[in-house]
Q: 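Take a look at the following structure, please.
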Amino acid sequence: MLDYKFIKDNLEAVKANIANRFMQADAEMVVALYDKRNGFIVEIDEQRRLRNENAAKMKGPMDQAARQALIEEGKKIKEEISRLESEAEETLKLLDMEGSKIPNMAHPDAPVGKEDKDNTEIARFGEPTKFPFKAKDHVELMEALDLVDFETAARVSGSKFYYLKNEAVLLEMALTRYALDILQKHGFTLTITPDIAREEILEGTGFNPRGAESNIYALEGTGTCLIGTAEIPLGGYYAGQIVDFSKGPILMAGVSHCFRREAGAAGQYSKGLYRVHQFTKIEMFAFTRAEDSDAMHMKLREIEEEIFRSLGIPFRVVDTCTGDLGAPAYRKFDLEAWMPGRGDEGDWGEITSTSNCTDFQARRLGIRYKNDEGKNVIAHTLNGTAIAISRGLISVIENGQQEDGSIRIPEKLVPYCGFEKIGPR
RNA sequence: GGAGAGGUGUCCGAGUGGCCGAAGGAGCACGCUUGGAAAGCGUGUGUAUCGCAAGGUACCGGGGGUUCGAAUCCCCCCCUCUCCGCCA
């Protein structure tokens, strides 16, 4: 969430930002509600002061009549306070509701635009893989090699679930371990996170656990949800705490399952493993001082590039446009891998994403640090995908396909897999 | 899941209705002392919010309640520990 005082002091900029992001939020209403809430606070505080004063008069011994008069006075104040409090509560609820719709400010260099085609390509590694034969998509390749089973999963769990089978299982483990080794080398603390988190943590991280358009599975009657990404349990790791940056930023890596409802998402571009209800992901998360987050964002992006470059997968990097940022992000870079089986002739498909959320998540999560003046200030948080296994599998398998339907494993991955190729069979 | 014991500031820990934003200690910061350090002595040491400020208000796990007045009494919830049950 954004700071209300900031919204009030920078109303025009906040409104422009909402427009640039094509979001529905009413900054003016937030300011009006904020002022109204502050009015209540002043009134309530004044009444409480009167109450405390009145109560203090009664400390010592005194005659019955005087005491009785003070008690009567106290009762009146009490009623007034509770009347004001119940009125204020409604304003507070509205403020919170409207306030949480206001997105984070965007980086001045983030391209302004509405949808993915407005993203700016800023780097490219390798060139789209060319085959002397008609490329197949990962579904065809994997089903032929008995590496995946969507049909049985649909019967057992529903559509958009899958069983990974045989070498694909080992490939998932190999990609996981490969990414973790790289992250450990870069100083990340490795974790396997809970796959379930409390709703407050979801909300603090900027996810909406409820509503028809929510992408989150809520666990009925528990106040908890299945996580959609390890960003949630990692972001929540220091919730309510004052973190110590004396040894530099805090880097955490999390292995988790990700659960997404993906309600309404369908079509050719969601085929196979591309958009599923459950997958494994290795996530990077960073907590930094305010002045360090831009540099950290570049570092996360470089690590993502390192992982896919070393796997020999062609990809490009895009600077995500304002309309595509999502509420918490200040700036976002996506890596899009070349997927030879995507669409008719292959296409780019998003494989990782790294966001600088500045203090937007940390404000509601209550994550702070002591700055040089010894003041507690809100930390910055960043996240980035090291590798999302399902899409990682797509890129490895589609780019590694051979004419005979076998899959060549990237060289760097061979020691982790224990095999150089899968198939043919 | 059942029974019990707890949750107080950075940490340990006192506090069972008003004198408590909270004793005492540790830690930390600054000063004195020292050749330098340790010890010692002294001083200071939470956060949020409203306000130009003075100052006010709130916060003792969270939320309700009782009361003129709650860290303290009552109810619900969360968490930790011990024992039992169940279980991988």
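Proteins come first, then strands; the chains are lettered A, B, ... in the order of their sequence lines, and each starts at number 1.
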Q: Answer yes or no: does a side-chain N or O of Asn52(A) lie under 4.0 Å from OP1 or OP2 of rA58(B)?
A: yes
Q: With Tyr330(A), which residues qualify under ring-ring contact (aromatic ring centres under 6.0 Å, His included), at least two apart?
A: His107(A)
Q: Using purine N1 to pyrimidine N3 plus N6-O4 or O6-N4 for Watson-Crick, or N1-O2 and O6-N3 for G-U wobble, each under 3.5 Å, what pairs with rG17(B)?
A: none
Q: Distances under 3.5 Å between protein N/O atoms and the N/O atoms of nucleotides 45-47 of chain B, please, pair by pair.
A:
{"unit_1": "rU47(B)", "atom_1": "O3'", "unit_2": "Arg368(A)", "atom_2": "NH1", "d": "3.2"}

Q: Between the side chains of Arg49(A) and Glu46(A), is the shortest nitrogen-to-carboxylate-oxygen separation below 4.0 Å, so that they form an ion pair?
A: yes
Q: With a 3.5 angstrom cut-off on both distances, give the Watson-Crick or G-U wobble partner of rG40(B), or none if there isn't one.
A: rC32(B)
Q: Show your reasoning for whether side chain to side chain donor-acceptor pair (under 3.5 Å) applies to Thr224(A) and Thr222(A).
A: CA-CA 5 Å; Thr224(A) 61; Thr222(A) 64; 2.6 Å; yes
Q: Taking atom types as modelled, find out whether Thr229(A) and Lys281(A) have a side-chain donor-acceptor pair closer than 3.5 angstrom.
A: yes
Q: How close or far is atom P of rC68(B) from atom CG of Leu70(A), stated in whole angstroms?
A: 12 Å
Q: Determine the interplanar angle of the Tyr34(A) and Tyr4(A) rings, folded into 0 to 90°, and report it as parallel if under 30°, tilted if 30 to 60°, perpendicular if over 60°.
A: tilted
Q: 5'-most contact on RNA chain B: Gly74(A) or Asn38(A), nearest heavy atom basis?
A: Asn38(A)
Q: Please give the nucleotide sitting opposite rG27(B) as a Watson-Crick or G-U wobble pair, both distances under 3.5 Å, or none.
A: rU45(B)
Q: If I pick the P atom on rG1(B) and the same atom on rA70(B), what distance separates them, to the nearest angstrom?
A: 34 Å
Q: Please measure how far the P atom in rC28(B) lies from the corresponding atom in rA38(B), and state the result in whole Å.
A: 10 Å
Q: Taking any heavy-atom pair under 4.0 Å as a contact, classify Lys76(A): base, sugar-phosphate, or nothing.
A: nothing
Q: Using the six-membered ring of Phe245(A), assess whether NZ or CZ of Arg289(A) lies under 6.0 Å from its centre and within 45 degrees of the ring axis.
A: no
Q: Of the nucleotides rC50(B), rG56(B), rC78(B), which one has an atom closest to the side chain of Arg198(A)?
A: rC78(B)
Q: Write down the distance between CZ (Arg49(A)) and C1' (rG55(B)), rounded to a whole number of angstrom.
A: 10 Å
Q: Separation of Lys5(A) atom NZ from rC52(B) atom C1', in whole Å?
A: 12 Å
Q: Under 4.0 Å from OP1 or OP2 of rC50(B): is there any side-chain N or O of Tyr4(A) that close?
A: no
Q: Say we look at rU72(B) and rU67(B): how far apart would their C1' atoms be, to the nearest angstrom?
A: 13 Å
Q: Starting at CD of Glu85(A) and ending at C1' of rG65(B), how long is that distance when rounded to a whole Å?
A: 13 Å
Q: Could you work out which one of rU67(B), rU57(B), rC50(B) sits closest to the side chain of Lys78(A)?
A: rU67(B)
Q: Under the rule for salt bridge (Lys or Arg N to Asp or Glu O under 4.0 Å), what residues qualify as partners of Glu172(A), not counting sequence neighbours?
A: none
Q: Are OP1 or OP2 of rA58(B) and a side-chain N or O of Arg51(A) less than 4.0 angstrom apart?
A: yes
Q: For the residue pair His138(A) and Tyr274(A), is the inter-centroid distance of their aromatic rings smaller than 6.0 Å?
A: no
Q: Which whole number of Å gives the distance between the P atom of rG56(B) and that of rG2(B)?
A: 48 Å
Q: Under a 3.5 Å distance rule, please check whether Tyr163(A) uses its side chain to pair with a backbone N or O of Glu151(A) as donor and acceptor.
A: no
Q: Rounded to whole Å, please give me the gap between CD in Glu200(A) and P in rC79(B).
A: 11 Å
Q: Now, which nucleotide makes the Watson-Crick or G-U wobble pair with rG4(B), with each of the two distances under 3.5 Å?
A: rC81(B)
Q: Tell which nucleotide pairs with rA22(B), taking only Watson-Crick or G-U wobble pairs whose two distances are both under 3.5 angstrom.
A: none
Q: Using atom CG of Leu84(A) as one end and atom P of rU57(B) as the other, report the distance to the nearest whole Å.
A: 16 Å
Q: Please report the distance separating the P of rC73(B) from the corresponding atom of rA5(B), rounded so that it comes out in whole Å.
A: 14 Å
Q: Just the rounded figure in Å: distance from P of rC50(B) to CD1 of Ile44(A).
A: 14 Å
Q: Would you measure the distance from the C1' atom in rG13(B) across to the matching atom in rG25(B) and give it in whole Å?
A: 8 Å
Q: Considering only atom P, compute the distance from rC74(B) to rU66(B) and round it to an integer number of Å.
A: 15 Å
Q: Once you apply the 3.5 Å cut-off to both distances, tell me the Watson-Crick or G-U wobble partner of rC73(B), or none.
A: rG65(B)
Q: In whole angstrom, give me the gap between the C1' atoms of rC87(B) and rU16(B).
A: 41 Å
Q: Among side-chain atoms of Tyr178(A) and Ser310(A), is any donor-acceptor pair under 3.5 angstrom?
A: yes
Q: Ile71(A) has a side chain; which of rC68(B), rC79(B), rU49(B) sits nearest to it?
A: rC68(B)
Q: Consider the side chain of Lys75(A), meaning its heavy atoms from C-beta on, and name the nucleotide among rU57(B), rC68(B), rC79(B) that approaches it most closely.
A: rC68(B)
Q: rA58(B) C1' sits how many Å from Ile81(A) CD1, rounded?
A: 12 Å
